[in-house]
S.K.: 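Pasting a structure below so you can have a look.
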Amino acid sequence: MAETTIEEIIDDRPTGFKAVLSEFWSYFSENRGAVIGLFFFIAIVLIAIFADFIAPHAPNQQYREALLQPPFWQTGGEFRFPLGTDAIGRDMLSRLIYGSRYSLFIGCIVVSVSLIVGVILGLIAGFFRGKTDTFIMRIMDVVLAFPSLLLALVLVAILGPSLINAMIAIAIVQQPHYVRLTRAAVLSEMTKDYVTAARVIGVKTLRLMFITILPNCMAPLIVQAALSFSTAILDAAALGFLGMGAQPPTPEWGTMLAEAREFILRAWWVVTFPGIAILTTVLAINLMGDGLRDALDPKLKRS
Amino acid sequence: MFLYFLKKLGVILPTFFGVTLVAFVFIRLLPGDPVMLMAGERGMSEERHAALMTEMGFDKPVIVQYGYYLMDLARGDFGTSIITKRPVLEEFGALFPATVELSVCAMILAILFGLPAGMIAATKRGSTFDHTVMTSALTGYSMPIFWWGLLLIIFFSGILGWTPVSGRISLLYYFEPVTGFMLIDSLLSGQDGAFASALSHLILPAIVLGTIPLAVIARQTRSAMLEVLSEDYVRTARAKGLGPQRVIGLHALRNALIPVITVIGLQVGVLFAGAILTETIFSWPGIGKWMVDSIFRRDYSAVQGGLLLIAAIVMLVNLAVDLLYGLINPQIRHTDS
């Protein structure tokens, strides 16, 4: 008898990670664009992972008998090269497929580096305040004073043009946004009772910073991560286009555009397709980012 | 207000010194020393190298060198181009109007289309128009503008043959620069067709450079407008029986414009970054192309000077926006942060 009463008052709503996830999904899936973006992004990830199996040719294989061949639906095109070939007879489709690896790789590395370093600096600034705070934030102000692409260009000029250096430069340029967001979130969390309570219990500083406070600052950081993922891809493509990013013959989309520039009036396909690849990838991530913001922003969240 | 100004200045001055430090350090972080950089691939003898190092003060302690650098800056000496041997400030000044002209036109386009689009989208929330505007805005925001420029060249210059591919004006026209702005100078010159030629050269780069600001302004206007439209005073205005045009045009728009103005001000940095790509694609002889060319020519003192000047301009404009913002919105002035 007693047992049944106990069972009745047990709250059987799911808790923990799964519940958070399902709540998140219910908000996220309300935004149709965000769901489309997510599926598109998953598709790109799958293409990048299975590039070896999907791509009809090797990305750098040159077919000397088929230079600047148009896509299959135009006269002179053939199914062997569905999206045509470039100036030295490489298959466009295969290069685009392999290019997705570079873009996702750039996005992942740039976001993780700038996120990790930015969060640590932001936590330190927000937690310790005073001179440390001022010092860190002034440095961030200096970085923000330069137009991002210009600073990235100059950093690459110092480091030497290569994909890795372009990624380092972009990570440095994006860094301040994470620091600012983390610091602002930490400052608002620090005034809350649970932090005072944790302090009173005697929680150690590091634990307080990373385990007590940080998880509650994650929402804006996740949104920023999605947005800077797309910015990283755009900036890396821009650097590649200017000859300061990935170097030929790497099938990076921006670099492909740079190589294609001289043929724009003769062979539209060598210019059009890499751009579409960049645009759709960035658009998909931005759609996702908008959905994430709507789902995670407590201000807009209806209870 | 004055206190607010001082506070802003207190933030901006250390930042400016930070920026000079970055520009100063930049040239010293490059592989090889500055004199070897200037010598280029020809190289030079040991004695000449040592003599030049002493002559230019590179044998002094770094902190002393930084002091000299700051003193040069205070005298308006931003260095001398290694390639052209002309003062960097002079080169910058000669090319700057071209970038300003392009940026202003891009911004006018962006505001002209972005503001009404965002406003109408907000008042017709959920409509087909709203969805179309928001989808195009996000597409514009995601656009690799260097590719967008190439597409426009293919279509308008290649297929239709309407616009020229590069430069600021047709070589047929020549006149002395008066203002440095080609649109105005071509009108002043009184030559037939000069203005049309300048305009046709300007239109594609302006569209390309304006795309991202346009998208940002449209999105920001829409969200600011939506927020304002749900405020009590808008309901009161409606309840008073004011027509929708008066409510939206007068009561709502005024308040919605405040965040939009900030966003417009913050686009200066975006415009400079965009100008680097746009000017490169359209061979537009402005600051962006000059910076890229200088990097490729290894004209590092030009890069150093340009970096500092651009950052200083961005900071000044942002300061102006901050002050303007404080002027419109007293709440901002009086919060300490």
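Letters A, B, ... are given to chains in the order of the sequence lines, protein chains preceding strands, and every chain is numbered from 1.
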S.K.: Among B/Leu307, B/Val292, B/Ile159, which has the most heavy-atom pairs under 4.5 Å with chain A?
M.R.: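 Answer, by heavy-atom pair count under 4.5 Å with chain A: B/Leu307.
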S.K.: Of all heavy-atom pairs between B/Phe296 and A/Leu242, which one has the smallest distance, and what is that distance?
M.R.: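 So the two residues come closest at CZ-O, 2.9 Å.
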S.K.: A side-chain contact here means heavy atoms from C-beta on lying under 4.5 Å apart; do B/Ile295 and A/Met244 qualify?
M.R.: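 Counting from C-beta outward, B/Ile295 and A/Met244 do come under 4.5 Å.
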S.K.: Can you say whether B/Ile154 sits under 4.5 Å from chain A via the side chain, the backbone, both, or neither, judging by heavy atoms?
M.R.: both
S.K.: Please look at A/Ile285 and chain B and tell me whether the side chain, the backbone, both or neither of the residue comes under 4.5 angstrom of a heavy atom of that chain.
M.R.: neither
S.K.: Tell me, for B/Met143 versus chain A, whether the close heavy atoms (under 4.5 Å) come from the side chain, the backbone, both or neither.
M.R.: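 Interface part for B/Met143: both.
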S.K.: Could you tell me if the side chain of B/Ile310 sits less than 4.5 Å from the side chain of A/Phe146, heavy atoms only?
M.R.: no
S.K.: When only pairs under 4.5 Å are counted, which of B/Leu151, B/Val22, B/Val303 shares the most heavy-atom pairs with chain A?
M.R.: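 Heavy-atom pair counts peak at B/Val22.
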S.K.: Roughly how far apart are B/Phe26 CZ and A/Leu151 CG, rounded to 0.5 Å?
M.R.: 10.5 Å
S.K.: Under 4.5 Å between any side-chain heavy atoms of A/Leu150 and B/Phe272, yes or no?
M.R.: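 No, their side chains stay 4.5 Å or more apart.
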S.K.: Is A/Leu287 close to chain B through its backbone or its side chain, or both, or neither, when contacts mean heavy atoms under 4.5 Å?
M.R.: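 Looking at A/Leu287, backbone and side chain both touch chain B.
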S.K.: Could you go step by step and tell me if A/Phe241 and B/Ile281 meet the side chain to side chain contact (heavy atoms under 4.5 Å, CB included) rule?
M.R.: CA-CA 10 Å; A/Phe241 179 73; B/Ile281 296 163; 3.9 Å; yes
S.K.: Quick one: donor-acceptor pairs between chain A and chain B, under 3.5 Å, side chains and backbone, table format.
M.R.:
residue, atom, partner, partner atom, Å
A/Val271, O, B/Trp147, NE1, 2.9
A/Thr272, O, B/Trp147, NE1, 3.3
A/Asn286, ND2, B/Ser142, OG, 2.9
A/Asp290, OD1, B/Arg219, NH2, 3.1
A/Asp290, OD2, B/Arg219, NH1, 3.2
A/Asp290, OD2, B/Arg219, NH2, 3.4

S.K.: Give a yes or no on this: more than 12 heavy atoms of other residues, nucleotides or ligands lie within 6.0 Å of atom CZ of A/Phe105.
M.R.: no
S.K.: With a 4.5 angstrom heavy-atom cut-off, which part of B/Leu271 approaches chain A: side chain, backbone, both or neither?
M.R.: neither
S.K.: Most heavy-atom pairs under 4.5 angstrom with chain A, which of B/Ala273, B/Ala275, B/Ala312, B/Gly274?
M.R.: B/Ala273
S.K.: Between A/Leu265 and B/Ile153, what is the shortest heavy-atom contact and its length?
M.R.: CD2-O, 4.4 Å
S.K.: Do you know the tightest heavy-atom contact between A/Leu234 and B/Phe146?
M.R.: O-CE2, 4.3 Å
S.K.: Relative to chain A, which segment of B/Val11 carries a heavy atom at a distance below 4.5 Å: side chain, backbone, both, or neither?
M.R.: both
S.K.: If you count heavy atoms of other groups shown closer than 6.0 angstrom to CZ of B/Phe129, is the number above 12?
M.R.: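 Enclosed.
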S.K.: Given the options A/Ala237, A/Gly275, A/Pro147, which has more heavy-atom pairs under 4.5 Å with chain B than any of the others?
M.R.: A/Gly275
S.K.: Counting only heavy atoms not in A/Phe128, do more than 12 fall under 6.0 Å of its CZ?
M.R.: yes
S.K.: Taking all atoms of both residues into account, what is the closest heavy-atom pair of B/Pro144 and A/Ile278, and its distance?
M.R.: CG-CG2, 3.7 Å
